[in-house]
Amino acid sequence: MIIALLGGPGSGKGTQAKKLIDKLGIPQISTGDIFRAALKEATPKGLKAKTYMDKGELVPDDVVIGVVEERLAKPDLEKGYMLDGFPRTLPQAQALGEILKKQSKVIDHAILVDVPDEELVARLSGRRTCKNSACGAMFHVMFNAPKKEGVCDVCGTDLYQRDDDKEEVIRERLGVYNKQTAPLIDYYESQGLLRRVKGVGPIDQIFASIEKVLS
Ligand code: AP5
Ligand code: MG
Ligand code: ZN
């Protein structure tokens with residue numbers, strides 16, 4: 001099964017993807033996570049991506065498409081995968097369509113995790129992320145607090161605040177989402193692939209709505 005998770009910054013794509021990994025036994029492919037991992041290793045691609053990420057802008061399409069193409073050629077995707085944060089522009093969606101066509105595959109569901117803008121700002125400004133990139137669990141200081149402050153419940157590593165989770169950058173990311181990514185909602189709707197899920201409320205309740213879409 002191939003799933004694309006759509007939704008604004010902070011809508012809960014990553015949170016829900018982590019839960020879906022256990023449920024479906026398929027990997028999560030997050031382009032944001034791939035760039036943050038590249039940055040940690042200080043690769044040229046990671047350093048280039050950072051200049052855009054720090055401003056809340058999108059990394060150029062050719063760079064992102066190249067990264068995804070490379071990832072989709074790996075052998076662990078037999079049972080399918082979840083795309084988190086990709087595609088994010090129409091050219092990315094078209095490129096994905098071409099890659100899948102060559103592999104005789106299709107997207108099964110484009111799931112929109114729908115959350116109003118005001119809520120997104122509150123979520124991102126309180127988000128804390130696990131420093132261990134193999135884990136990458138997300139918490140929130142108020143909405144989803146870890147058992148021990150500053151420490152990951154899952155793996156015990158310290159939590160950190162992402163560089164782009166600052167109010168001015170959050171506002172920029174929201175603007176970019178509404179302008180460049182929101183058009184994908186119509187794009188997938190016209191292909192009959194869009195599944196809208198209300199992304200406000202308890203995390204488990206949203207997960208249940210996603211499970212319903214998939215069943
Ligand atoms: P990326 O890492 O993809 O960030 P994003 O899309 O802005 O999304 P987030 O990861 O911030 O949010 P999320 O939806 O995963 O929410 P989460 O589950 O963490 O991209 C970062 C940057 O990389 C981009 O700005 C761009 O520069 C670049 N990039 C990446 N992909 C690209 C692409 N394809 N093209 C070009 N550039 C690209 O949840 C957020 C918070 O809310 C957490 O604290 C969580 O605990 C909390 N929370 C979750 N669910 C709930 C709930 N139901 N109620 C209350 N709180 C909740
Ligand atoms: Mg995420
Ligand atoms: Zn962890």
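All values below come from the heavy atoms of this structure, side chains included, with hydrogens, waters and symmetry mates left out. Quick caveat, the model's predicted, so the values are computed rather than measured. When a ligand or atom number is given, it counts from 1 through the structure's own listing order.
The side-chain heavy atoms of I3 and L24, taken from C-beta on, include a pair separated by under 4.5 Å. Counting heavy atoms from C-beta on, the side chains of Q28 and L20 never come closer than 4.5 Å. The shortest side-chain heavy-atom distance between I107 and Y188 falls under the 4.5 Å cut-off. At a threshold of 4.5 Å between non-hydrogen side-chain atoms, the residues D114 and S11 do not count as touching.
To the nearest 0.5 Å, the span separating CE on M82 from CD1 on I29 amounts to 9.0 Å.
The Zn ion (ligand 3) lies at the vertex of an angle of 110° between the SG atom of C155 and the SG atom of C152 (rounded to 10°). Around the Zn ion (ligand 3), the two atoms SG of C135 and SG of C130 are separated by an angle of 110°, to 10 degrees.
Using a 4.0 Å cut-off between charged nitrogen and carboxylate oxygen, D117 and R171 do not count as a salt-bridge pair. The existence of a salt bridge linking R162 and D164 is confirmed by a sub-4.0 Å separation between a basic side-chain nitrogen and an acidic carboxylate oxygen.
Closer than 4.0 angstrom to ligand 1 by heavy atom are G8, P9, G10, S11, G12, K13, G14, T15, T31, G32, R36, M53, E57, L58, V59, V64, G85, F86, R88, Q92, R123, L124, R127, M138, F139, H140, F143, N144, R162, D164, R173, G201, I203, I206, sorted by chain and number.
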